[in-house]
Structures are given as structure tokens and as C-alpha cells.
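One structure is given below, encoded as C-alpha cells.
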2 protein chains.
Amino acid sequence: MSRTIDPYNALPKYYQLASILRQKIDDGEWEPRSPIPSERQLEQLYNISRTTIREAIDHLVRQGFLYREHGRGTFVSPQKLQKGLMELTSFSEDLLKRGIQPGQIILELSWIVPPLKVLQKLELPAGSEVLCVKRIRLGDQTPIGLQTSYLSLNRSQNITREDMESAGSLYRILAEKFGIIPSEADETLEVTLATPEEASMLEIEPGSPLLLNERLLFSQNRTPVEFVKILYRGDRYRYYVRLSR
Amino acid sequence: MSRTIDPYNALPKYYQLASILRQKIDDGEWEPRSPIPSERQLEQLYNISRTTIREAIDHLVRQGFLYREHGRGTFVSPQKLQKGLMELTSFSEDLLKRGIQPGQIILELSWIVPPLKVLQKLELPAGSEVLCVKRIRLGDQTPIGLQTSYLSLNRSQNITREDMESAGSLYRILAEKFGIIPSEADETLEVTLATPEEASMLEIEPGSPLLLNERLLFSQNRTPVEFVKILYRGDRYRYYVRLSR
DNA sequence: AAGTGGTCTAGACCACCTT
DNA sequence: AGGTGGTCTAGACCACTTC
């Protein structure tokens, strides 16, 4: 029994169709590299115009679930490990996907005037205050990383320790409390060595190699929202990303 | 004087329009964050149907040159550093963008049976031969990284030292000689320490921290084409990536 | 020749924002 | 109310692949 399109549903038809197709892919109803029904067939099957069919397929192609070959058909992508491609993942979402229990110890949560370099990245005038969140990130109860976030918010948009503890994910708070949806980010990764202070918080030897991840996050309208530095233990973390043209 | 759409041009109209809009953005004719003409206005201006207009705009939105706000308009994105987002950059393209002169020393170029783990990633049966390319990568004449590529090719699709030296970029050879266009890649980054052998080739001390980048590259039809391991000197390389939803 | 995806038209109505 | 982008229709012709 297959779901159908409900014209009275608030969700757009192309979106409903994309969900249906997506499910058939996830369920393995269609084999990898095998063709899905042609656009004309889908038109008949779901009683939707071809333009709308194509819009649904476009979404799935962009997300990497399907690929098209001109004159031949549309095919199911052979799915690799993760299905979420290039998602802007928060630390907690990221770990959950890998089957590790995320946790955190909040070291600091206060309004400060950050280093000038940070203000420049956030495109704020000198002397501006930002919300600074310092946390030790845990995976299965053991330290994995040391994270410092600088958030470009109004003083009225405050985040409390309670918010942090109940939501877990900072990005969920940004979305649900302030309607800020991360849409793009510039990231850099490099190697550094742990200072004695960092080492003690991460429970490793001073001088151990660390993976330093810096991220500048932009919201829907391309305004910088957050600058983050995360120091990962070299022995416990591997950064993963999927790129596409 | 503005370009117009030529209906007899082989290029699709949405593509021609996207180029025109793109140029106006690049030339600074439209300020960042200012609205471009509405879709109905563009319909009149270029005598193209709205569907086609939207297709052109869709492309530019996906590439990050424009953003839409429902009920308000379509706006020019404030461009950051690089304009190419999330591109699958080859090492040489990558360095050139940063203003560093790329170079290479080819250590090895031969057909071998690689480790099983590599064959699995390339989805090849045990015992298959692949083309193995080992290179020291240089930036301004100094070693930056140690790169080992395993290429899934037919024995008829050979690459010679002359190819490598004249083209510089491996990806250019794949594209021009075999019509293989990289379209997606899974990358991981982690920290390791240099073995004595690696250290001598990179001209650093044994035990120095390195950034290990592994990449599995897929072609148009999502077939694995190449598996690469690159060991970067921790003191000379920073990995950069732009992510988007 | 028949089937597939790629491009395009000329409409329509809706949801959202501004005035 | 009027303008904007968001969704949708029912067609059409073209380019490419397969038989």
C-alpha cells in the first residue's frame, strides 16, 4: 500500500511526492542504480502535472538520492554510509548519527566583548558584545572537544543555561526561539598542539595533536550569526564532509 | 548596453538569462542586499515566461549569488572571499586560488593491486589492478603534502608521466582524456603523526603532527573513480570548505 | 519509431509582506 | 490593495538513447 498525494494537505504536492519517493528509496523498494518510473508514468500514477513531478525529482537529485541520464531515465543513487549530505550538522546531531551519545559541560555562558578578529568575522563594530558559550563536548561520557561559540544576537535574545540543557543543541534554540535558520557556513580545519590548560580539560597529555575546526555560520539572509572554534582530540575525532559540484 | 536572450542560440534560455544576471552581479551593477527586478518584471524585460525566469534564478540561488525572501523580493548575496562554493577543488586549483605556486614530484606511477580496503571503497573485486600515483605536492617549491591516488580505470585508459607533467592537474586529465567529470566526493580529515619515512619526504621532524585527508571521488553517474590519501604538513596547510543546506 | 529527460509557454491561484 | 515569491496546470517541441 502506497501513500498518495492529498490535494488538501497544506504541504505542497512536490514535497509530498518527494517524501513518497524518498521513502521507497529508503525502504529499498527500488534497487540502487535501477530506474524509477518515468516522469510521464508518475504523472499518471499520482495525477500531478509533469512540472510538479520534475520539481520533486529535482529536490531528490540535489540531495543525492536520485540521478538523471538524458534519454535513459532517472535512477536511484547507490547510497553510501550517511544519507544526509553536506548538512550543516551541529555537534550533537553529528554524534548521534555516528551512534555516540552526546553530552556537554557548560563552562561559561555570558555576554562579553570578544577578540577583534571575532568581531570582524561577525561583521560587528568594535566594542560590540556577543554571547559567548564555552563547553566541553562529550561522547559517551568522555571529552571529545572543547568548543567556544560567539553568537551575534541582541541583548533581548538571551539564552539561558536551562535552554542549553533542555534543548541540547544550540542550533535548535536558534531556530525555535529566534527563527534563525543556519543556511551556510565557512569552515577551516587545521592541526595544533594542546596547551597544558586545554590538555587538562580534554584529559590528554599537553602537546597532544588536536584538530582545530573554525566555523563562520550564516543565516537565511546571509548574515553572520556565529563564530565557533572547536578543538577536537586527535585520537577521538574524525571530520566528515560530502562535497558536490 | 545589456545583453539579450537569443532564441536561436543553442544554449537554453534559462542559462543565457542566468549568465546575464550573473554578470550584473559580478560587475557590481546591483549592490549586495539590494533587490533585483521582480520575476514579472524580468518576464517583460526579456520576453521569457516566468517558469524559465525562475529556473535561471534557481540556479543562481543554489550557487549562492542570490537569495529570495517570500513576499519581499530576490536579493543579491553579499559575496564573501571565494565565489565558487563547495567546489571539488583539485590540489593545484586549490593552491592557485590561495596565491601559492603549485608543484609536484612524481614518486610513482604504475598499475598495482592496492590494499583490500581501497578496492572495497572503489567497489572493485579482489585482485583488481588500479593506477597508483604517488606524489610530493609542493607549494612555492616547499613540500606541503604527500599524496597517494588510486584510480579505477581500464588498462586501456592509461596516464603517462608526460600527461601528468603537461596537465598538472589529474582531474583535468580525467576530464579531457576520458570524459570523467568528478561530481561528488566523501572526505574525511583527521590528525596523525609523521613516520620517519613520511617526515623525511616532507622535510619535517618525525612525530610532527599531520592532517590526513582521505577522499573518495565519484563521477557523473556516481561510480567511484578515485581514492586518495593526502598527508598535509600541519604547519603549512589549512583545509577550507563551504557548506550549505 | 518510441521512450526518456530537457526546455519552454501562458496562464492560474495561493501565501506573505508592505503601504 | 497591490506587489512579491511559491506552487501548479496542461499543454508543446527538442535532444538523446534504445530498439
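Here is how names work: the chains are called A, B, and so on, in the same order as the sequence lines, proteins then strands, and each is numbered from 1.
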Quiz item: So what does B/E43 touch, heavy atoms closer than 4.0 Å: a base, only the sugar-phosphate, or nothing?
Solution: nothing
Quiz item: Which part of the nucleic acid does B/S38 contact within heavy-atom distance under 4.0 Å: base, sugar-phosphate only, or nothing?
Solution: sugar-phosphate
Using whole Å, what does the distance between atom [atom2] of nucleotide [N] and atom [atom1] of [X] come to?
X     : N     : atom1 : atom2 : answer
A/Y67 : C/dG6 : OH    : P     : 13 Å
A/I57 : D/dC8 : CD1   : P     : 14 Å
A/D58 : D/dT7 : CG    : P     : 12 Å
B/H59 : C/dG6 : NE2   : C1'   : 11 Å
A/I53 : D/dT7 : CD1   : P     : 15 Å
A/Q44 : C/dT4 : CD    : P     : 11 Å
B/R72 : D/dG5 : CZ    : C1'   : 12 Å
B/E39 : D/dT4 : CD    : P     : 10 Å

Quiz item: Quick one: is B/Q41 getting a side-chain N or O under 4.0 Å of the D/dG3 phosphate, OP1 or OP2?
Solution: no
Quiz prompt | Side-chain N,O (B/K13) to OP1/OP2 (C/dT9) below 4.0 Å | solution = yes
Nearest to the side chain of [X], heavy atoms from C-beta on, is which of [options]?
X     : options               : answer
A/R54 : D/dT9, D/dG6, C/dG5   : C/dG5
A/T74 : C/dG5, C/dA10, D/dT9  : C/dG5
B/Y14 : C/dC8, D/dA12, D/dT7  : C/dC8
B/I48 : D/dT17, D/dC16, C/dT9 : C/dT9
B/R68 : C/dG5, D/dG5, D/dT9   : D/dG5
A/T51 : C/dT7, D/dT9, C/dG6   : D/dT9
B/S49 : C/dA10, D/dG5, D/dA10 : C/dA10
A/R50 : D/dG6, D/dA12, D/dA15 : D/dA12

Quiz item: Does B/R40 or B/N47 map to a spot on DNA chain C nearer the 5' end, using the closest nucleotide for each?
Solution: B/N47
[X] versus [Y]: any side-chain heavy-atom pair under 4.5 Å?
X      : Y      : value
B/E226 : B/L170 : yes
B/E187 : B/V241 : no
A/E108 : A/T148 : no
A/F218 : A/D186 : yes
B/L66  : B/V76  : yes
A/Y46  : A/T52  : no

Quiz prompt | 5' priority, DNA chain D, between A/P12 and B/E69 [closest heavy atom] | solution = B/E69
